[in-house]
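Letters A, B, ... mirror the listed sequences (proteins, then strands); counts begin at 1.
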Amino acid sequence: GDSVTQTEGQVTVSESKSLIINCTYSATSIGYPNLFWYVRYPGEGLQLLLKVITAGQKGSSRGFEATYNKEATSFHLQKASVQESDSAVYYCALSDTSSGSWQLIFGSGTQLTVMP
Amino acid sequence: DPKIIQKPKYLVAVTGSEKILICEQYLGHNAMYWYRQSAKKPLEFMFSYSYQKLMDNQTASSRFQPQSSKKNHLDLQITALKPDDSATYFCASSPHWVSQNTLYFGAGTRLSVL
């Protein structure tokens, strides 16, 4: 079945430094899945950060960017300069509607800690 | 103010007991869902409901039973609890079932089964 892999469970970065959180996916249908990043701030529910539904396109929100790379089956999240307020858990996800399912498939999440 | 309320935030239960996790959404959405995340595992889809009807069930065990008394409520009853049921349970909603790509989540109920 479809799956999403986030290899880092925890990432620690100093404030104002750059960030990359890795995400790779596997989709079994012949179509291309829609790709998402969700974020969960402490004490809150997950919320959509950005989404990209077309291969080769880039999504951006709140200074974060992610590019849909169908050759590498990757959707890495990047930010040029992180802030303490970015500390949260980041989840990569996909939906593969061509397979007939409308479900969101999530990765295990990456806990980002930004040090002052 | 949170628009999706989950109660309680933390729950400790003994093996073999039964618990109900509460979820209410005030977004006016027609579809609601349950997800679960165990330690170091992906967030896992459990159920989806649309207009109070079950649309999709990916939970193998009948010990997990959603209950929808109103359109904006989707509680989760768990019977004969096991330590493996320990996880954070997230309720979510979307305007319509087919738009579930953009989900709105509650803060979760963290269940520990001893």
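- B:Ala107 approaches A:Gly43 most closely through the heavy-atom pair CB-O, 3.6 Å.
- Both A:Val11 and A:Leu49 are members of a single hydrophobic cluster when ILVMFWY side chains are connected at heavy-atom separations under 4.5 Å.
- Looking only at heavy-atom pairs under 4.5 Å with chain A, the residue among B:Met55, B:Glu44, B:Lys9, B:Gln58 that has the most is B:Gln58.
- Hydrophobic clustering keeps B:Phe90 apart from B:Ile5 (ILVMFWY residues linked when any side-chain heavy atoms are closer than 4.5 Å, directly or through intermediates).
- Checking side-chain atoms of A:Arg40 against main-chain N and O of B:Phe105 turns up no donor-acceptor pair under 3.5 Å.
- Summarising the hydrophobic clusters (Ile, Leu, Val, Met, Phe, Trp, Tyr; side-chain heavy atoms under 4.5 Å, direct or chained), the residues clustered with B:Phe47 are B:Leu11, B:Leu21, B:Met32, B:Trp34, B:Met46, B:Tyr49, B:Leu54, B:Phe64, B:Leu74, B:Leu76, B:Ile78, B:Leu81, B:Tyr89, B:Leu111, B:Val113.
- Under a hydrophobic clustering in which Ile, Leu, Val, Met, Phe, Trp and Tyr are joined whenever their side-chain heavy atoms come within less than 4.5 Å, directly or via other members, A:Tyr41 and A:Val13 fall into the same cluster.
- By the 4.5 Å heavy-atom criterion applied to side chains, A:Ile105 and B:Leu43 are not counted as neighbours.
- Cluster partners of B:Leu114 are B:Val12, counting Ile, Leu, Val, Met, Phe, Trp and Tyr whose side-chain heavy atoms approach within less than 4.5 Å, directly or via other members.
- No part of A:Gln47 comes within reach of chain B, as not one of its non-hydrogen atoms sits under 4.5 angstrom from that chain.
- Residues A:Phe106 and B:Lys41 have side chains not in contact (no heavy-atom distance under 4.5 Å, counting atoms from C-beta outward).
- Under the 4.5 Å side-chain contact rule for hydrophobic residues, B:Tyr35 and A:Leu48 share a cluster.
- Inter-residue side-chain proximity for B:Leu103 and A:Leu104 is flagged as met; some heavy-atom pair is nearer than 4.5 Å.
- Inspection of non-hydrogen atoms places A:Gly107, A:Ser108 of residues 107-116 of chain A under 4.5 Å from chain B.
- B:Tyr104 belongs to a hydrophobic cluster with B:Ile4, B:Leu27, counting contacts under 4.5 Å between side-chain heavy atoms of Ile, Leu, Val, Met, Phe, Trp and Tyr, direct or through other members.
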